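Model, not experiment: these values are computed from the prediction. Letters A, B, ... mirror the listed sequences (proteins, then strands); counts begin at 1.
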There are 2 protein chains.
Amino acid sequence: MSSGSVGIRDVAREAGVSVTTVSHVLNDVPFARVSPETREKVRTTAARLGYGPNRLARALRSRRSGVLGLAIEDVATTPHAGRIILGAEQAARARGYALMVVNIPAQAEADAGPQPALKSSPEPGQHATDPIQAGVESLLARQVDGILYAAGHRRVLQPSATPGKVPAVLLDAVAPDRSLPAVVADEYGGAAAAVEALLAAGHTRIGLLTTAEENHSTRQRARGFRDALQRAGLNGASATGEAASPDASGGYAAARRILAAANPPSALFCCSDSLAMGAYRAAAELGLSIPGNLSVVGFGDEELLAANLHPGLTTVAVPHSEMGAWAANRLIDELESAAAEAGPTPPTGGPDPVRLGCRLVTRGSVGLPDTGKRQP
Amino acid sequence: MSSGSVGIRDVAREAGVSVTTVSHVLNDVPFARVSPETREKVRTTAARLGYGPNRLARALRSRRSGVLGLAIEDVATTPHAGRIILGAEQAARARGYALMVVNIPAQAEADAGPQPALKSSPEPGQHATDPIQAGVESLLARQVDGILYAAGHRRVLQPSATPGKVPAVLLDAVAPDRSLPAVVADEYGGAAAAVEALLAAGHTRIGLLTTAEENHSTRQRARGFRDALQRAGLNGASATGEAASPDASGGYAAARRILAAANPPSALFCCSDSLAMGAYRAAAELGLSIPGNLSVVGFGDEELLAANLHPGLTTVAVPHSEMGAWAANRLIDELESAAAEAGPTPPTGGPDPVRLGCRLVTRGSVGLPDTGKRQP
DNA sequence: CTGAAAGCGCTTACAG
DNA sequence: CTGAAAGCGCTTACAG
């Protein structure tokens, strides 16, 4: 904390005007009438002295801290967290806001039943015992202007209270009553795009590799897959493997089952890159080369996996950075429209969550369907 | 920004005391003499009203924001960033501090030559063009009490100025003149531990897989490897492969070269998990099973890779979370000792960077040396 | 043991 | 077109 200790008063004295005028000029206050010469003089003086406003003082007086709180689940274990932070921070900074981050321990998926709550305090003055609340409260106690809540796994979230509190935007989650703006990835569309790439390459027997334990993501991906097939006049997957565990070893076992069947698929759509990695091993053991004998598409674009596999895995990228940026911008829009008294919530991002498109990243795992002549 | 709008004045009125007394009690001001009854009354009243201090007001008055700035390079692309943030945020929160995060674009490695600068402003009042400066300045403008600077890749950093500015702690980097406290991972020791595990399993011909383009990390890892061998009475790697690219395909080609040589090593120490992934593929193509015919150890413990490989990769974990926590605690120590007028810098973490130990994570890629009877 | 008062550095009605 | 003054909600000497 220092900022150089040159204050608005120094600028005023040096420029021979009042602090009011300095404040008006430097903040471009709309209705302030100041002569161009005075404006110039103030600006020059401020620059010469290296003046920067004390944001704390400004925040205290104006009741706006210019800080966004980001509550992010499992920052350490999900590889997406970094991209979300990047997108949110850059967007916020571009608009003059800063980002305060707290980690929230990941919650179990809970599409039904008791919901994790995005509320601020159980009883006023009590310390929160719920880690979600503790995190959000610590943000609120810091006078953030609004909160970005990024769920580790997409799911329904209950903001059972934000009463009299700050605005919030959900990221990779939706409020059960749709009461909060939310942004999610269009995983359904991403899956469809992956299938279409496979169809375009000529595949008609396409298998699905998913996880036995469903969650919102795998459901959307599997649905996108099935609907795309249907649109192409193909009914359903030619084989479906459900991995017992959502990792490469689960994918391996499930892929072995699929590929060992009679008339196996010539391509595999995998609901995650980890599963796809398992499919690579299964293919190798069965003497199937990728993409010569088998095409594979993953989901997630985990670079560490996808780019390191051989051949590189063609997969669907989830736009985490864009989602972070969208959420930050949406929150700031709301804050600034509220400040401008222009009504509480602009129409953008109304009841339905905004879906941001997933992009297919083409590497080397998709080829033409195997003609039957298997390489030795 | 709201915090419920119940202020210290409300508590004072309700409890029938002055705001001074409330402040003294709630902050446990050392030299304040307040009767136990009054203390109790103030505490109860504050709790009942759900009072929480406005940190902005406190910060403005006390000139301490209670916020740590974390400038982190490449938050989106390095998988370590999340763990650093987690460690730093938790440690900070535990001591009543919050964490403000800015992303810094990664810099090229620069052990010599012009250094990236951790300074605050080129010319007062000018906008910084250097992205590092821009990030650090945006933190400083927010009145953070101190700065944590986390480099993406360990390297020497020049804090060519922090003049009159806040204290800083370096993470995964050192200042050229050792002027700033710093914490790094003991990669040298981690590599030695990996080698020792291989030696303990009985290996004597151990190859080294590293990258052609050296950086501080690979140098330390290779040195740790060589010195551990030497201590065991073995002179040097039985083979060294330098990967043209620091990824799996580079590791693959280099591993092929090593393993194709006459009298190849029975174990491979790889300077990264990506390289190790390439070694797996090389081994598979050569008909070598892991760990039956070849043992492999990686470095980094990238779970997405290490746990998904088959067999699971035994590898060295870098304590990023602990480093984040250490750095935050070190910074807070400095802030609080400065506040207590107890001299500027406590002896902890003096000129030399503190090295935090790397842990060997055992999965399934290390076994006994191949006896020569190769599986069919 | 307790309180009245100044002041952190700004912004914001308000007066002229 | 410009400025004097109040006040955001605290902490901190200081007085009693």
Per [X] side chain, nearest of listed nucleotides [options]:
X	options	answer
Ser18(A)	dG3(D), dG3(C), dC10(C)	dG3(D)
Arg61(A)	dC8(C), dA4(C), dC8(D)	dC8(D)
Arg58(B)	dC10(D), dT2(D), dT2(C)	dC10(D)
Arg63(B)	dT12(D), dT11(C), dC8(C)	dC8(C)
Val34(B)	dT2(C), dC8(D), dT11(D)	dT2(C)
Pro53(A)	dC10(C), dT12(C), dA13(D)	dC10(C)
Ser23(A)	dT11(C), dA13(C), dT11(D)	dT11(C)
Asn54(A)	dC10(C), dC10(D), dT11(D)	dC10(C)
Arg9(B)	dT12(D), dC8(D), dT11(C)	dC8(D)

Can you tell me if the side-chain N/O atoms of Thr21(B) get under 4.0 Å from OP1 or OP2 in dG3(C)?
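Affirmative; the distance criterion is met.
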Answer yes or no: does a side-chain N or O of Thr38(B) lie under 4.0 Å from OP1 or OP2 of dT2(C)?
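Yes, within the criterion.
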Would you kindly give the [atom1]-to-[atom2] distance between [X] and [N], to the nearest whole Å?
X	N	atom1	atom2	value
Leu26(B)	dG9(D)	CG	C1'	14 Å
Arg13(A)	dC10(C)	CZ	P	12 Å
Glu37(A)	dC1(D)	CD	C1'	11 Å
Asn27(A)	dT11(C)	CG	P	4 Å
Leu56(A)	dT11(D)	CG	C1'	14 Å
Arg142(B)	dG9(C)	CZ	C1'	15 Å
Ile8(B)	dA4(C)	CD1	P	13 Å
Asp28(A)	dC10(C)	CG	C1'	17 Å

N/O donor-acceptor pair under 3.5 Å between [X] side chain and [Y] backbone:
X	Y	value
Ser337(A)	Glu334(A)	yes
Arg142(B)	Leu99(A)	no
Arg39(A)	Val34(A)	yes
Ser23(B)	Thr20(B)	no
Asn27(B)	His24(B)	no

Rounded distance (nearest 0.5 Å) linking atom CG of Asn54(A) with atom CZ of Arg61(A):
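The CZ atom of Arg61(A) is 15.0 Å from CG of Asn54(A), to the nearest 0.5 Å.
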Residue whose nearest DNA chain D nucleotide is more 5′ - Gly16(A) or Val19(B)
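Looking at the nearest nucleotide for each, Gly16(A) comes out on the 5' side.
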Closer to the 5' end of DNA chain D via nearest nucleotide, is it His24(B) or Ala57(B)?
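The 5'-side residue here is Ala57(B).
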What is the pairing partner of dA4(D), taking Watson-Crick or G-U wobble pairs with both distances under 3.5 Å in any strand?
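When the pairing criteria are applied, nothing turns out to pair with dA4(D), so the answer is none.
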Given that both distances must come in under 3.5 Å, which nucleotide forms a Watson-Crick or G-U wobble pair with dA13(D)?
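Pairing partner, where one exists within any strand: none, as none qualifies.
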So what does Ser35(A) hit on the nucleic acid, given a heavy-atom distance under 4.0 Å: a base, only sugar-phosphate, or nothing?
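Sugar-phosphate contact only.
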For Val17(B), answer base if it contacts any base atom (sugar-phosphate contacts may also be present), sugar-phosphate if it contacts only those atoms, and nothing otherwise; contact means non-hydrogen atoms under 4.0 Å.
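Answer is sugar-phosphate: Val17(B) comes under 4.0 Å of backbone atoms only.
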